[in-house]
Each structure stands twice: as C-alpha cells, then as structure tokens.
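For reference, the structure is listed below as structure tokens.
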Amino acid sequence: MTPQLLKHALLAATALWAGTAQATSTTSKRTCNSYKIPITASSSNLVWALPPFNNNFEVVGFVDAIAARTGAGSSALFQPAPQTVSVNYTIAATFCQPARGQPAAHKDTVLIATHGLAYDGSYWDPPIDRQKYSFVDYAISQGYSIFYYDRLGTGDSSRVSGYVAQLNNQVAVLAELTKLVRAGKYVGSLGKPPKAVVYVGHSFGSTISIQAVANDVTAADGLVLTGYTLNSDVLNGQGTAEISALRIASTLNSHRWSQLDSGYVTQVDVYANVGAFFAAPDYDPAVATFAQQTRSPMGIVELVTSQVPVRPVGYKGPTLLISGQKDFIMCKSDCDGGVLNVTAADVFSTAKAFKAVSYPLAGHGINLHLNAVGAFKEITDFLSTNGL
Ligand SMILES: *[C@@H]1O[C@H](CO)[C@@H](O)[C@H](O)[C@H]1NC(C)=O
Ligand SMILES: *[C@@H]1O[C@H](CO)[C@@H](O)[C@H](O)[C@H]1NC(C)=O
C-alpha cells in the first residue's frame with residue numbers, strides 16, 4: 001500500500017465509523033446495516049484494587065510486576081469480592097448479508113464476530129484492500145450473514161473506565177446481543193430469527209466467545225476461535241505484555257483519546273504492535289502501520305482478564321481453533337507440533353466436530369496477513385462441512 005492509499009484508507013476509516021445509526025449501504029455483493037443498539041448488561045465484575053496509574057513509569061512497573069517469573073497473582077489486583085452490576089450501554093454494530101441475487105446458501109446462519117484487544121469492529125472489515133483482508137467480504141462471498149460490533153470501550157460503542165472494562169462485562173454484552181440477533185432484531189433484511197448463530201472471535205474476542213458458551217452452551221451453534229490457544233504451556237502473556245511497550249493512551253494522543261482514563265493503554269509505536277501481532281515476512285508494513293494508526297487502546301483489566309483459562313463443559317457445537325503458525329502471543333511464535341490440540345481437544349471432546357489449525361505464514365493478527373483469505377476459507381469450509 002502506498003502512502004497515498006494509506007491516507008485514503010485512514011480517511012475512509014474515519015468516515016465509516018462516524019456513520020450515523022441505522023445507515024444502510026449496498027454494494028453489488030453485500031447489503032449492510034449499521035446500528036446503535038441500546039442494551040442492559042448485567043455482570044459480576046472484578047473490582048480493581050490498586051490506585052489508578054499516574055504516569056507511564058507506573059505502567060511499565062506494573063507490566064514488569066505481572067510479567068515477573070513468579071507472577072503477581074491476580075488476587076492482589078482485585079478486591080476480594082466481585083461486584084454485580086447492571087448497566088445500560090450503546091453498542092455500535094453492523095449486520096451484512098449477501099446482496100440480492102448473490103449466492104446466499106448460508107445467509108440464515110449469522111456469524112457473530114467479536115474482535116480482540118487493540119482493534120475495534122473494523123478488524124473484520126478493514127477499509128483497506130478488502131479482497132485481501134476483509135473477513136466480512138469473504139464470509140458474504142460464501143453466502144453467510146455476519147454481525148460484528150465494537151466492543152465496549154472501542155469504536156462508537158459506550159465508553160467505560162479502563163479499570164472497569166473486562167472479560168465479564170464484555171461477555172454480558174455479547175450475550176445480550178446474541179439474544180437480540182436470535183430474536184431476529186438488528187439483522188437487516190434477514191428480518192427473522194436466524195437458523196443458526198456461530199461465534200467467531202479473535203484473541204480476547206475468542207476468550208469472550210468461549211466464556212459466553214461456557215456460561216450457556218446453547219448461546220452459539222458453532223464456535224470459531226482465531227488467534228487463540230487453551231494450552232497454557234505455550235501461551236506468552238508475559239512476553240506479550242513486555243513487547244507491547246504499553247503507555248497510557250491519553251499521554252500519546254491527548255486529543256484523540258481524551259475521553260479515556262489512565263486505565264486505557266496502547267502500544268507506543270508500530271514496532272511494538274508488529275512484535276506481538278505480525279509475523280515477518282508475511283505482512284505488508286503499510287498494513288501494520290494502518291493497524292497501529294487506527295488501533296484502539298485496551299483497558300488494563302481487559303488485558304489481565306484476556307487469557308483466563310475458560311473451559312466450556314459439554315459443548316456440542318462444531319468448534320474450529322485456528323491460529324497463525326507464527327503467533328507470538330498464543331504459541332511463542334510456533335503453533336506447530338500439535339500444541340493447539342493440547343487441552344482444547346479434551347475440552348471439545350463432546351463437540352460434534354473439533355479441529356485445530358496452525359495456519360501457515362501468519363502471526364497473531366491473522367486477518368491482516370498477506371494470505372488471510374486462506375484462513376477465511378478454512379473457517380467457512382469448516383462451518384459448511386459441519387452443516388452450519
Ligand atoms: C436502562 O434502560 C432501561 C430500559 O430502557 C430503563 O428502564 C432504565 O431506566 C435504564 N437505566 C438507567 C440507569 O438509565
Ligand atoms: C491436532 O491433531 C490432529 C489429529 O491428531 C492433527 O491432524 C492436527 O494437525 C493437529 N492440529 C495442530 C494444530 O497441531
């Protein structure tokens with residue numbers, strides 16, 4: 001991508017996400033509806049027990065402490081008792097389905113996609129070379145419908161403190177959105193309850209999806225976990241926290257991130273982003289630059305709850321686990337040798353089908369690698385083979 005193209009894409013990204021509620025956009029291939037969805041989400045939240053960060057020295061000190069050989073122990077980070085809350089939020093979401101006249105064999109299956117840390121919903125449909133990087137476009141081309149959204153605290157969804165946003169309230173949001181989609185709401189011209197719902201997650205979005213299924217095994221009829229592992233032996237949480245060189249977002253850009261409190265942190269530069277999310281030489285540096293320039297800060301409690309070991313019991317839906325072969329975060333840059341099967345194959349032994357894929361020539365941010373389309377194909381092939 002040339003600098004000119006990059007500038008164009010950034011402008012397009014800004015325009016897209018400033019879009020008004022309930023806008024409809026149609027191309028020859030797809031019809032999309034954007035919504036601002038009011039929800040009430042109830043969750044039992046961990047309560048941050050430490051003082052808020054005053055500066056970046058404190059952030060670096062905190063990261064060193066949680067990355068310590070012995071670990072800081074998460075109990076010290078939170079009050080002993082969680083807090084049950086019920087809160088109203090607005091969630092920005094988009095539903096897309098094949099345009100009239102296009103192949104639509106699976107349009108009654110709705111993929112509900114949840115993005116990970118450092119992104120917003122546009123992870124699934126980045127306004128760059130969509131033929132290479134848009135999972136939304138690929139899923140549509142295979143006849144699926146897809147519902148994707150900005151997680152709480154990102155994009156056009158409600159802001160919450162970076163000391164409050166966490167796994168549990170993000171799971172509650174997904175559960176509420178799922179109820180609405182299953183009731184046939186916010187699904188554009190599908191206009192009725194879908195036949196099936198499949199959760200598709202990336203990274204923290206995979207943790208949210210698997211936790212939602214652990215809470216309610218009927219929540220999703222199928223599960224696709226991308227950029228994920230259940231194998232704690234190869235997970236690289238500490239290395240990731242360090243390489244990401246996190247700084248308080250508002251100290252990096254006080255204008256853009258003025259509404260975010262000091263609990264929101266983000267990668268200091270593109271190299272910190274690349275270290276965790278991209279694997280050389282299988283990405284375009286201009287795309288990594290785009291990812292960095294359009295990134296969303298992550299809440300510190302999201303970060304520390306992003307990799308909790310979630311294990312649904314008795315889940316029956318077909319489940320695909322797919323991570324880049326060179327995923328630094330999930331496998332310390334090597335997902336081969338069966339490591340993705342460890343624990344996952346047992347946890348999903350009741351599933352109608354389970355498959356773990358170490359996807360060649362990609363790192364953690366699998367959708368933004370040069371051969372992302374092959375990973376998209378793995379996903380839709382798996383779903384259609386298994387009747388979804
Ligand atoms: C949350 O939304 C519900 C339903 O619209 C409304 O009845 C309630 O008053 C709202 N609560 C708050 C705290 O705004
Ligand atoms: C998981 O195990 C299956 C069967 O034992 C194997 O075919 C597959 O390649 C493994 N997946 C990974 C990612 O190692």
Side-chain angles (χ1 to χ4, degrees), residues 21-22 35-45 83-93 149 152-153 157-161 164-165 169 172-181 183 185-186 200-203 206 210 222-236 279 282 307 309 311 315 317-367 369 371-372 374-379 381-383 385-386:
Q22 315 214 5
Y35 301 104
K36 295 281 180 65
I37 305 178
I39 61 164
T40 305
S42 304
S43 58
S44 171
N45 292 347
Q83 187 182 33
T84 300
V85 296
S86 180
V87 190
N88 289 352
Y89 302 115
T90 302
I91 299 298
Y149 64 102
L152 206 54
S157 291
S158 297
R159 298 277 171 254
V160 293
S161 165
V164 172
N169 46 25
V173 168
L174 174 57
E176 288 305 312
L177 293 174
T178 305
K179 277 185 215 158
L180 292 167
V181 167
K185 296 194 176 132
Y186 305 108
V200 180
H202 174 241
S203 198
S206 294
I210 192 176
L223 191 56
V224 176
L225 307 168
T226 78
Y228 203 61
T229 186
L230 275 79
N231 182 350
S232 54
D233 288 342
V234 295
L235 184 66
N236 194 9
D282 303 311
Q307 290 163 343
R311 297 176 183 189
Y315 184 61
T319 299
L320 174 68
L321 169 59
I322 177 167
S323 295
Q325 180 186 35
K326 295 189 271 188
D327 190 319
F328 174 83
I329 300 179
M330 294 297 154
C331 303
K332 300 193 172 107
S333 302
D334 184 1
C335 288
D336 284 350
V339 297
L340 291 175
N341 281 317
V342 173
T343 308
D346 293 336
V347 167
F348 291 105
S349 62
T350 54
K352 182 180 163 202
F354 172 74
K355 186 179 181 189
V357 175
S358 172
Y359 183 67
L361 308 182
H364 183 64
I366 200 164
N367 292 19
H369 284 72
N371 64 346
F376 302 159
K377 182 174 188 313
E378 287 274 358
I379 294 170
D381 283 357
F382 178 83
L383 295 177
T385 300
N386 288 291

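This one's a predicted model, so the numbers in the text were calculated from it and none came from an experiment. Note that ligands are numbered from 1 as they come in the structure, with each ligand's atoms numbered from 1 the same way.
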Using a 3.5 Å cut-off on N or O atoms only, is Asn341 in polar contact with ligand 2? yes
Let me confirm one number: the OH-OG distance from Tyr359 to Ser323, rounded to the nearest 0.5 Å. 13.0 Å
Evaluate the ring planes of Phe348 and Tyr315, with Trp represented by its six-membered ring, and classify them as parallel (under 30°), tilted (30 to 60°) or perpendicular (over 60°). perpendicular
Non-hydrogen side-chain atoms of Ile91 and Leu177 separated by less than 4.5 Å: yes
of all protein heavy atoms, closest to atom 9 (O) of ligand 2 is Ala356 O, 4.6 Å
Nearest protein heavy atom with distance in Å, relative to atom 13 (C) of ligand 1: Asn88 ND2, 4.4 Å
Determine, counting only non-hydrogen atoms of the protein, whether one lies under 4.0 angstrom from atom 2 (O) of ligand 2. yes
Verdict with supporting geometry, Asn231 and Thr343, side chain to side chain donor-acceptor pair (under 3.5 Å): CA-CA 6 Å; Asn231 182 350; Thr343 308; 5.4 Å; no
State whether any protein heavy atom lies less than 4.0 Å from atom 5 (O) of ligand 1. no
With side chains defined as the heavy atoms from C-beta onward, is the minimum distance between Leu230 and Ile210 less than 4.5 Å? yes
Near Gly338 (heavy-atom distance under 4.0 Å), the atoms of ligand 2 are 14 (O)
